[in-house]
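Here's the structure we're looking at; comments come further down.
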Amino acid sequence: MITERLFFSKLRDMKYISHLDLYRCFQRAIVRSGLDVWYTEGFNSHLYLSFPLALSLGFESSCEVADIRLLSPEEDIPSRLNSCLPQDIRVTDAAEAVMDPGEIAGAEDRPEFDDLELSRQALEEALCGSLSGESIIVQKKTKKGALKEVDIKKDILSFELLQDSQLLTADAVLSAGIQNNLNPKVILDRLSERLGREPDHWLVRRTRLITKYGRDFR
Amino acid sequence: MADYIREKMLRAVQKPGRYIGGEPDIIKKDLSKVKLRFAFCFPDTYEIGMSHLGIKILYHTMNSIPEVWCERCFAPWFDMKQQLELYSRRLTTLESGDPLCKFDLVGFTLQYELSYTNILYMLDIGGIPVLSAERGEGDPIVVAGGPCACNPEPLADFIDLFILGDGEEVNNELCRYMISAKEKGLSREETLRGAASIPGIYLPSLYNVEYNPDGTIKRLQPADGAPMPVKKRNVSSLDEAPFPESFVVPLIEVVHDRATVEVLRGCIRGCRFCQAGFIYRPFRARKASTVNRIASDLCANGGFSEISLTSLSTSDHPELGEMLDDLLTWTADRKVNLSLPSLRIDNFSQELIDKTTRVKKSGLTFAPEAGTQRLRDVINKNITEEEIISGCRTAFSSGYTAVKLYFMMGLPTERDEDIVGIAELAQKIVDLYYSLPEKPKGKSVSVNISVACFIPKPFTPFQFVAQDTEEEFRRKQKLLISSVRSRKISVSYHSSDTSYIEAVLARGDRRLGRAILSAYRDGAVFDSWDEGFSYERWLKAFEAAGIDPAFYACREREETEINPWDHLDYGIDKRFLAAEYGRAKAALTTEPCNKKCSGCGIAAYIGRPCFDN
């Protein structure tokens, strides 16, 4: 049995497909593609499919990962799956899994912002201001529902603005994975807090998953 | 620039996946090659609409014409409604994202009466005048079909054309006709008049209704050359009728997420309360081999893990055994589960259980409909208590511990003992379970009885019947609850409020249009949902329109009275319906069509006997 890792993008309207629905969508596509996959052997037998890192609803990504198990080697996996997937979910590569999902330590995200009333410069100042300071304290809900103050500064591994982009865009590397995980939405939340409202436009695209040594997750 | 407002709206709603389309197999066409645009509207949420088989069949048949583009549209839920209002945006289809007002034809499927206000809602936010009379040359032509089109009169103010009967052929004829009308440059009026000559198309504005002082219909006067009666359409062979090889597979979870194959149309049983059992006549079967091919294609093309064989009574299929055997040669290997939603308890066998649950066991539901034999005879539900008990025994012996039973209350001639009989029957099933040595060990039984309020419907022998009043329904519901003595039995029942409004709309006439409009103007949408329905609002709307709802729901009608739907010919003879009602009152049953023809009129309509015997 081969654990095959699928690398795929989830763009445009597909950002509104939830994790659970994405699961079903891939399940369908795998059945349709005719790939020789392994089914679990429990009471409720289903094909094995696992997403090492979940993407929040509303975010785009060009670096999503899904694991399946093949009973025999298969050819042309991306094209076979793509013909059964929605247009804006595209499998870009498939290869035998190299790393353990637990090795994911960070994600590179590209948040982009625009506002019809604020100039780019004003927006940029607000964004940078909202993330400056020795510590960045945010309210987080604990599992019991109580609010807790957390410093997220350490989970922002790097943050810089992209100079040549049309809209105000940042390149942010944030903690991701099972150890520490920072939802890129905090950047939007910080900005909105400073502006007193959400900017007219925001979009986050995840572009890379990395290990703690800074290598691409494969 | 991206559409910032659209993104804001999608982010603000709970289930954005309902509004984005983008499913694999979605049909998109090059507008420059399209001559006719059809917006297929389902007046309920995406999850409900995408579970409906009819829309899948018609989407496929209409799109099989290269120059016709049929797109889908569903009713936006309250959160999206608010967003559309906030940003003054219009309701659009999922395929092109164009507003409804840009289409040539906007078609609604009429599945249940309580969806009527949603039609007004969708037209309104789609940028189309709600009233037919207010639409002009540039506006779409609004059509509607489906089961409720058999009495379309309450919607006559809003719908330009109704499509009666099976849609597979007539929809395409209408589309082709519309293309030629556009090419000829016909006016709206000319186009509508011309469409009315297509068999199965009913143009309500061609018929003038006069009323008696007591509110009943005096006469219905067709305009010159208008067909009278208007005949429903009928697909002569279900086996040859088009059926899609693939469905648009939803990306979000819908109510029924499975491959559905219609195995039968029409029904041989003649249950006297059942509208579908009469309006879909004659009985037509799809061949076992065809069902098998379709099911296999659907599973391969859609990746489904469940096949549902649907019909009004699947176990009446003449080749049921063969059909299941064919399907079972591949379903288990492909991890596909078989489900048969409409089984009759009288031909429910161990063999059938084994076949349908080879992959996964699903729940069991039977519909005895009434609690006593006398009342089951009245409604012509020809099953006996022994058959119910033996069906449950079979189920329990093969490991089932839960049975759901459907009943109705408020049936004609119903007495208190019939209500008590429901509880007694449920108790007998509980007792049966505990008496069986082979019952599943250590498990308790659960008998769930679900009781609906009976709603008399057009084209049934009970179309003449007065519905029970709300007080009667409530009293009977209490009586039933107090008659249940076991905690193994749970009772759920429908609200009498919604059943009453449904009854009014089901047998209503054109004057109800004012009430529907008034209810909508007062905020009525999603009436079939608890979140939307307001009884007070409907009562207010009837009052505002000067209508007594009880006149429509709770009045016994004479055979000689002209019903609002009497000018529509569904092949069912009114004299037959009246005679059946007479037999019902005498508790006399009528045999299924395949045993003995009861002379309903459909054989004359199709010009041959329905069965060879």
Side-chain angles (χ1 to χ4, degrees), chain A residues 10-35 37-47 56-60 81-90 112-117 166-167 185 188 197-204, chain B residues 1-28 46-47 50 80 87 94-95 97 245-254 257-259 297-306 332-337 358-362:
Chain A
K10 186 170 180 265
L11 301 175
R12 290 171 279 275
D13 276 354
M14 290 304 120
K15 63 178 174 283
Y16 296 116
I17 296 301
S18 70
H19 189 66
L20 196 66
D21 291 330
L22 181 73
Y23 186 93
R24 195 176 12 252
C25 173
F26 262 92
Q27 231 174 358
R28 284 282 165 73
I30 293 163
V31 172
R32 292 174 68 172
S33 69
L35 292 174
V37 294
W38 178 71
Y39 279 74
T40 63
E41 281 150 15
F43 177 72
N44 202 349
S45 178
H46 56 278
L47 65 83
S56 296
L57 189 73
F59 295 174
E60 293 190 347
L81 285 171
N82 284 341
S83 65
C84 311
L85 282 166
Q87 202 58 48
D88 286 328
I89 294 177
R90 292 289 92 178
E112 113 188 348
F113 306 96
D114 190 20
D115 197 273
L116 304 175
E117 285 166 30
Q166 199 196 344
L167 298 179
K185 190 158 186 292
L188 169 80
R197 61 177 172 88
E198 274 197 9
D200 286 316
H201 165 74
W202 63 266
L203 178 69
V204 177
Chain B
M1 191 175 85
D3 185 345
Y4 290 176
I5 289 177
R6 180 173 181 270
E7 299 289 326
K8 275 189 193 180
M9 291 165 62
L10 287 169
R11 281 202 292 257
V13 299
Q14 213 187 354
K15 293 185 178 172
R18 286 168 165 168
Y19 309 105
I20 57 173
E23 305 95 332
D25 308 305
I26 188 170
I27 295 176
K28 296 213 178 187
Y46 179 87
E47 293 93 318
M50 284 300 286
M80 187 50 111
Y87 294 107
L94 294 176
E95 278 75 3
E245 287 164 7
S246 69
F247 290 164
V248 173
V249 179
L251 292 173
I252 64 167
E253 187 167 19
V254 297
D257 190 9
R258 57 198 186 193
D297 285 349
L298 283 177
C299 286
N301 295 333
F304 293 101
S305 57
E306 185 178 348
D333 277 351
R334 284 159 65 177
K335 315 265 186 218
V336 171
N337 188 24
R358 202 168 283 180
V359 179
K360 198 173 141 189
K361 200 163 279 186
S362 46

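Naming convention: chains lettered A, B, ... in sequence-line order (proteins, then strands); numbering from 1 in each chain. These numbers come from the heavy atoms of this one structure, side chains and all, not from hydrogens, waters or symmetry mates.
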>> Whether A/Lys15 and B/Glu7 form a salt bridge (side-chain N of Lys/Arg under 4.0 Å from carboxylate O of Asp/Glu) is what I want to check.
In response: yes
>> Which atoms of B/Phe304 are under 4.5 Å from chain A, going by heavy atoms: the side chain, the backbone, both sets, or neither?
In response: both
> Who among A/Val31, A/Ile17, A/Asp21, A/Leu167 has the most heavy-atom pairs with chain B under 4.5 Å?
Replying inline: A/Asp21
> For A/Asp13, is it the side chain, the backbone, both or neither that has a heavy atom under 4.5 Å from a heavy atom of chain B?
Replying inline: both
> Heavy-atom distance under 4.5 Å to chain B: side chain of A/Leu57, backbone, both or neither?
Replying inline: side chain
> Any Lys/Arg nitrogen of A/Glu198 or B/Lys8 sitting under 4.0 Å from an Asp/Glu carboxylate oxygen of the other?
Replying inline: no
> With a 4.5 angstrom heavy-atom cut-off, which part of A/Leu22 approaches chain B: side chain, backbone, both or neither?
Replying inline: neither
> Do side-chain atoms of B/Arg18 reach the backbone of B/Tyr46 as a donor and acceptor pair under 3.5 angstrom?
Replying inline: no
>> Checking the side chain of B/Asn301 only, and the main-chain atoms of B/Asp297 only, is there a donor and an acceptor separated by less than 3.5 Å?
In response: yes
> B/Asp25 versus chain A, heavy atoms under 4.5 Å apart: side chain, backbone, both or neither?
Replying inline: side chain
> Judged by atom type as modelled, is there a donor-acceptor pair below 3.5 Å linking the side chain of A/Glu60 to the main-chain atoms of A/Arg12?
Replying inline: yes
